[in-house]
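Data first, discussion second: the structure below is written as structure tokens.
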Amino acid sequence: MNHKFPEYKELDLAQVNQEVLAFWEADQTFAKSLQAREGRPSFVFYEGPPSANGKPGIHHVMARTVKDIYCRFQTQKGFHVKRKAGWDTHGLPVELDVENRLGIVKTDIGTKISVAEFNQACRKAVMEYTDMWESITAKMGYWVDMKNPYVTYHNQYIESVWNLLKRLYDKDLLYRGHSIQPYSPAAGTGLSSHELNQPGCYRDVKDTTVVAQFRLVRDEVSDFLFAQTDTPDVHILAWTTTPWTLPSNTALAMGANIDYLLVRTFNPYTRQPVSVVLAKDLFREFFPEKNDALAIEDFQPGQKQVPHRVLGEFKGARLELARYEQLMPEMPRPEQGDAFRVLMGDFVTTSDGTGIVHIAPSFGADDARVAQKYGVGALTLVNKQGRFVEEAGFLAGRFVKNEYSPELGPDDETTDVFIAVTLKNQNKAFRVAKYEHSYPHCWRTDKPVLYYPLDSWFIRTTAVKQRLKDLNNTINWKPAATGTGRFGQWLENLVDWNLTRSRFWGTPLPIWVSEDRSETVCVGSMAELKHELQKSVEAGFMASNPLADFRADDFSDQNYNRLDLHRPTVDELVLVSPTGKPMRREPDLIDVWFDSGAMPYAQLHYPFENKEVFEQFFPADFIAEGVDQTRGWFFTLHAIATMVSDSVSFKAVVSNGLVLDKDGKKMSKRLGNAVDPFKTLDQHGADAVRWYMTTNTQPWESLKFDLAGVEEARRKFFGTLQNTYAFFALYANVDGFRADQPKVGREHLQETDRWILSHLNSLIRLCDERYQDYDATAAARAIQHFVIEHLSNWYVRLNRKRFWSPGQGPDKLAAYQTLHECLLTVARLAAPVMPFYAEKLYRDLVSTCPAAWAHSVHLSDFPVADEGLVDKELEERMDMAQTIASMVLSLRRKVKIKVRQPLRRLVLPVLDAAIVPKVEAVRDIILREVNVKELDLLTDTTGILVKSIKPNFRQLGQRPQYRSAMKAITTELAALDQAAIARFEASGRHGFQAGDGQAIELELADVEIVTKDMEGWEVATDGKLTVALDIHLSPELLREGMARELVNRIQNLRKDMGLEVTDKIRLALQSHPETDPAVNAHRDYIGGQTLASELVLDPALENDPEAKRLELTETLALMVKIQKS
RNA sequence: AGUCCCGUAGCUCAGCCGGUUAGAGCACGACACUGAUAAUGUCGGGGUCGGCGGUUCGAGUCCGCCCGGGACUACCA
């Protein structure tokens, strides 16, 4: 046991980090913190799995700080908080990374390199940086169980995922369909949205655009248009930026509520009379105002300006299901569906084009959706190479983009232009123009992406949309707007989840299909697979059952690794259908997001193991990840839990924002502005980084990470806290203070003790509330304010003398106990945010008596506020004392009188009798602080004070009848002179007539009276308080001031000589007419303060070689001799 | 393009239910202190609260539109 509080020369947070880490390691503190709460209620936390094939960045430190804070807090609150780490190991980023390293592309897989080899490479790459992750996790103090993580590629994990898929399959929530996906003809591969979001993928390109004329068929629906015009035909105008999709057009889309016009005009190219339909909002884009006056009848074919006349207006809904003729009749017609009709689409806008959208369901996602809704078929006249197929007649063999062709260059005629010219000549183009827009490009080949229909499996999330929304409303989102806004919107516009990916390294889709697709089986477990395989062996489709030895009740890796549940092994398994046909696995993998969304189940290998455990660990009380996960992990967790368990997956979620560089730019390796997390933690210590991140900004706002801010946190907060501790330790050791001494009675507490304890307990309550509400920022800011402003700048400053005064006694003990209590409590309050320094501080503070406290702050309980110690009135009057002291100091500065120079009198005019007792209570504190001898409260201030009066708006606002008279009241009050104010104060009321004749009667409560000035005094005003300072210096005061100057200089000298605080001295001062009177008058004081056992005035000191020269003022110096006695 | 977040001093951020003189820290400048001292205190300059319009007796705060930054989703004629 230590009998002394450790003292330190300086604060080295990085060093503290090291020491505490070593302590935790040796002590197994994390494990103990869990053991200690074993059997207590659980606080459930889910760790979102990071991908270990990338190095951790500073933003991970941010995200993990958030997680760690609330887990540590809830642990201190007594909950059992299990934290299982996890690794996201599948998916495209891993594959791309491996392709890069091997120098291959997707199409090489299966040819240049086998799938087995490729997947082996992925398996290795995926855990490549595991040790870096483990290291950063430890260094930053994130407590999570890294020893038993869940890993998404393990067979047990996959089995759980398969089980979930099977449940969805059984609920008829899985179906096969096709969707329009980005596809790179040049690379021959589908692209994910992830790939499309690589920087530089979206590029501005200039394309030839066409406004095509679609000829309506006259029928019951469209008849009303034909009836209004003289031309035989009516055309719908539709705009496209991809004219190569026009041959595949099968429908047009209009907005049901959009206003459209029927316009009689002439085709600008063929000059033929036409009647066209377009959105009213876009009318002026095609028909300028200057042509309004031109008459249709007068039009000459050679005329440059084309006349127009609006014939009618109607809502899009009127044309629903109207028929039109195929634009290019030489093209085939779709085999299925009722094509060439006008559909209503909610995606139609009038922001550009014509307000009517050309629909080619094969080449647009919106197109496909609306076409499917109406049962309109598709034409796919382009193949995967981006080339028109044979059936496309005169277009057959053409590349839709020159970039896809090996021969064509940018200067060759494009298919778009070719089609535009063709349509022009056929009176089918109303406008042809170049248009610049952004379009995605394949990041590997730099060539434009093609949207192309591909087969996929989907999860019917739209079937549970309402339930998803309802459950979402019960989730506590931080910030709330993310839940209602971003996430809510996302759910509102939900589409079915495109589950499958044509890839290699991922969880295989456990669905086997017979060749004619008539029979399907979904496998939900290893045991089931074994059983199916057995049947297949019996049917003769498999030579042997690779799972023959698998035992369903043995969860060991050895048992589970009998068969790798990845490609290509699973592809080789042929099953048998109920009718005896062979079935092969659907070759696709599932979206990796399903892996991570399945983690509440799969991390426990549910439902095969841990069935009861799962009940306790679902749903999570809390999760936290970046906002970019809103539609990622947050969604997949939510969707899977809703569909499988009809429950939320998490009750509360904190989404944290980006970490940008200090100029607000995104960090990237390319720009070289990425902050190295290891270096940062090593240099500044995790606490400073965590503290900075937490206090600087709310976690969901993006953080402009600036090392200067980390440094500031260290200097301001940790420096002050450390100084406060060092101050405490210095004197506590001198006095042999022990923290486990019985508490002194409350009667021994001074006003300042009770004041700081009041603040402390308010702080405890606030922190508890804020942490509870996932608002660590407010908690940490409050702690910081308490430490710097209240504890250090005021409490320690006011009470320094109590600590260094000689002797012992209840008053001194009270001071030690109060300060100790404050520091100890701060350590416990701040521990979730700054786990290392809090640990250090806590252990130092309890080091003199470890038995009385937990040996780690993280094993200690969160402080409980003692409401009985909270005294708001006390806090108020101390605030007032601080304000008054500050005002006096300001006055002193103004008149250039040092604080060391005592002054006679301070006067405080009292406007409100209520403050009298408050001031009385803090009178001594004020006087001591500002070095003034008397404080007078002046109650009768008439004639002395200059007052001003203004309305109390808040008060008056409560009275409806005066609300509109506010201006008149303001004017009236501003006009009152001193006498009128005095009368008002005396009578308590003031009546007058407002401009409109309203009689107004004001009471004192309706106004605020403040003082401005005082005749003949040095005065300062702050709000309602005014102080006046008597700055007259009597000879007596000057002598006392001089004595203090002397003491001050002698103390400095003592220090310079290296004397201990307790050393006694013999003191000789040079005799001097300017100082002798002060020395004589205050001999005892000087001697006492400087511990001088002997004080002599020596006229001959000037020549003493041992004497030192002291500068007292600019003009006065004195010789002094000090000898240790 | 849609959705969401943000915009307050040179920088980082507070500002509750609308109340009339908008605050803190950093940085900068001046002064003071020197037994917490590689600390500390006091004072000071510095603001069209992104812009415009509206509601109101009164708007940084509420509403609408716009501008700028960011994120996500989409890329669609």
Side-chain angles (χ1 to χ4, degrees), chain A residues 9-10 182 193 196-197 202 209 211 238-242 245 252-253 345 347-349 351-360 364-367 437-440 449 451 479 481-482 484-490 492-493 626-632 657-658 660 662 664 666 695-698 700-704 706 708-709 712 715-716 719-720 722-728 730-731 777-778 781 784-785 788-789 792-793 796-797 800 803-804 886 889-890 892-894 896 898-900 950-957 962-970 1023 1048 1051-1052 1054-1055 1061:
Chain A
K9 277 274 172 291
E10 57 187 17
S193 58
L196 243 41
N197 280 321
Y202 281 90
T209 68
V211 173
W239 182 58
T240 180
T241 55
T242 50
T245 60
L252 294 171
F347 54 88
V348 178
T349 67
S351 55
D352 44 22
T354 63
I356 297 141
V357 179
H358 133 70
I359 298 294
D366 281 340
D367 305 42
H437 63 143
S438 84
Y439 195 83
V449 153
Y451 284 84
T482 305
T484 53
R486 182 180 291 195
F487 196 67
Q489 287 292 332
W490 164 255
E492 201 56 58
N493 300 318
V627 273
D628 53 345
Q629 295 297 340
T630 306
R631 276 113 184 224
L658 291 191
L660 308 168
K662 66 185 166 71
K666 215 168 169 168
T695 53
N696 185 65
T697 183
Q698 294 284 359
W700 49 84
E701 285 174 30
S702 48
L703 171 70
K704 291 179 190 160
D706 188 354
E712 186 184 322
R715 219 177 49 240
K716 291 297 292 183
T720 304
Q722 172 68 14
N723 262 328
T724 307
Y725 168 77
F727 173 85
F728 164 82
L730 176 66
Y731 293 106
T777 303
R781 280 175 177 170
Q784 182 162 300
H785 187 253
I788 296 175
E789 297 304 329
S792 171
N793 283 359
V796 173
R797 190 151 66 92
R800 277 194 300 218
F803 292 94
W804 73 60
S886 171
L889 291 171
S890 160
R892 277 181 169 274
R893 188 186 122 72
K894 206 161 117 198
K896 295 196 191 305
K898 293 178 174 183
V899 180
R900 208 176 287 130
K950 67 169 191 170
N952 182 343
F953 289 100
R954 205 183 278 269
Q955 172 74 21
L956 287 168
Y962 287 171
R963 244 176 233 174
S964 53
M966 212 68 85
K967 282 238 159 69
I969 295 171
T970 309
N1048 165 253
Q1051 299 286 34
N1052 287 346
R1054 280 182 56 119
K1055 206 175 156 197
V1061 180

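A note on names: the letters A, B, ... follow the listed sequences, proteins ahead of strands, and every chain is numbered from 1. Quick note: numbers below take in every heavy atom, side chains included, and nothing from hydrogens, waters or symmetry partners.
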When both hydrogen-bonding distances must be under 3.5 Å and the geometry is Watson-Crick or G-U wobble, what is B:U37 paired with, if anything? none
Could you check A:Lys950 against A:Leu730 and say which one's nearest nucleotide on RNA chain B is further toward the 5' end? A:Lys950
Atom CD of A:Glu712 and atom C1' of B:C13 are separated, to the nearest Å, by 11 Å
Residue pair A:Leu956 / A:Pro951: nearest heavy atoms and the distance that separates them: CD1-CB, 3.8 Å
Nearest-angstrom distance, P atom, B:G46 to B:A32: 23 Å
Under 4.0 Å from OP1 or OP2 of B:G25: is there any side-chain N or O of A:Lys716 that close? no
Nearest to the side chain of A:Asn723 - B:C16, B:C13, B:A39? B:A39
Closest of B:C13, B:C16, B:A36 to the A:Arg797 side chain is B:A36
Residue mapping more 5' on RNA chain B - nearest nucleotide basis, A:Asp706 or A:Pro951: A:Asp706
Could you measure between the two P atoms, the one in B:C62 and the one in B:G15, and give it in whole Å? 12 Å
Between B:U73 and B:A22 - P atom distance, rounded Å: 43 Å
Roughly how far, to the nearest 0.5 Å, is the OG1 atom of A:Thr245 from the NE2 atom of A:His358? 3.0 Å
Base, sugar-phosphate, or nothing for A:Thr354, non-hydrogen atoms under 4.0 angstrom? nothing
Kindly indicate whether the side chain of A:Thr720 and the base of B:A39 share any N or O donor-acceptor pair separated by less than 3.5 Å? no
Which base sits across from B:C26 as a Watson-Crick or G-U pair, both distances under 3.5 Å? B:G10
Whole Å only: how far is the CH2 atom of A:Trp700 from the C1' atom of B:G70? 17 Å
Taking the side chain of A:Asn1048 as heavy atoms from C-beta outward, which of B:A36, B:C16, B:C33 is closest to it? B:C33
Which is it for B:C17, anti or syn, if anything within 90° of zero counts as syn? syn
Going through the distances and angles, do A:Thr724 and A:Thr720 end up as a side chain to side chain contact (heavy atoms under 4.5 Å, CB included)? CA-CA 6 Å; A:Thr724 307; A:Thr720 304; 4.3 Å; yes
Taking only the C1' atom of each, what is the distance from B:U48 to B:G7 in whole angstrom? 15 Å
Is the shortest side-chain N/O distance from A:Asn793 to OP1 or OP2 of B:U40 below 4.0 Å? no
Reported CD1-to-CG distance for the pair A:Ile788 and A:Asn723, which is rounded to 0.5 angstrom: 11.5 Å
P gap between B:G64 and B:A74, integer Å: 28 Å
Can you tell me the pairing partner of B:G47 across any strand shown, Watson-Crick or G-U wobble, with both distances under 3.5 angstrom? none
Could you tell me the Watson-Crick or G-U partner of B:C4, where both distances fall under 3.5 Å? Say none if there is no partner. B:G70
Output yes when a side-chain donor or acceptor of A:Arg781 lies under 3.5 Å from a complementary backbone atom of A:Asn696, and no otherwise. yes
A:Met966 CE to B:A59 P, in whole Å, measures 12 Å
Does B:U61 have a Watson-Crick or wobble partner in any strand here, with both distances under 3.5 angstrom, and which is it? none
Does the plane of the ring in A:Phe803 sit parallel, tilted or perpendicular to the ring in A:Phe727? Use 30° and 60° as the thresholds. perpendicular
Please determine whether a side-chain nitrogen or oxygen atom of A:Arg800 lies at a distance below 4.0 Å from atom OP1 or OP2 of B:G41. no
Side-chain touch A:Val348/A:Ile356, heavy atoms, less than 4.5 angstrom: no
Work out how far the C1' atom of B:G60 is from that of B:C17, and round it to whole angstrom. 16 Å
How close do A:Ala360 and A:Asp367 get, heavy atom to heavy atom, and via which atoms? N-OD2, 2.9 Å
Side-chain N or O of A:Asn696 versus OP1/OP2 of B:C13: is the shortest distance under 4.0 Å? yes
Separation of B:U40 C1' from A:Glu789 CD (nearest whole Å): 12 Å
Which value, in whole Å, describes the distance between the C1' atoms of nucleotides B:C28 and B:G10? 9 Å
Can you check the A:Ile788 CD1 to B:A36 P distance for me, whole Å? 19 Å
Minimum-distance nucleotide to A:Gln698 side chain [options: B:A14, B:A27, B:U37]: B:A14
Roughly how many Å apart are B:C52 and B:U40, using the P atom of each and rounding to a whole number? 42 Å
Starting at atom CD of A:Gln784, determine the distance to atom P of B:C26, rounded to an integer number of angstrom. 10 Å
B:U12, B:A27, B:C57: which one has an atom nearest the side-chain heavy atoms of A:Arg715? B:A27
Atom NE2 of A:His785 to atom C1' of B:C13: distance rounded to whole Å? 14 Å
Check the distance between B:G69's C1' and A:Leu703's CG and give it to me in whole angstrom. 16 Å
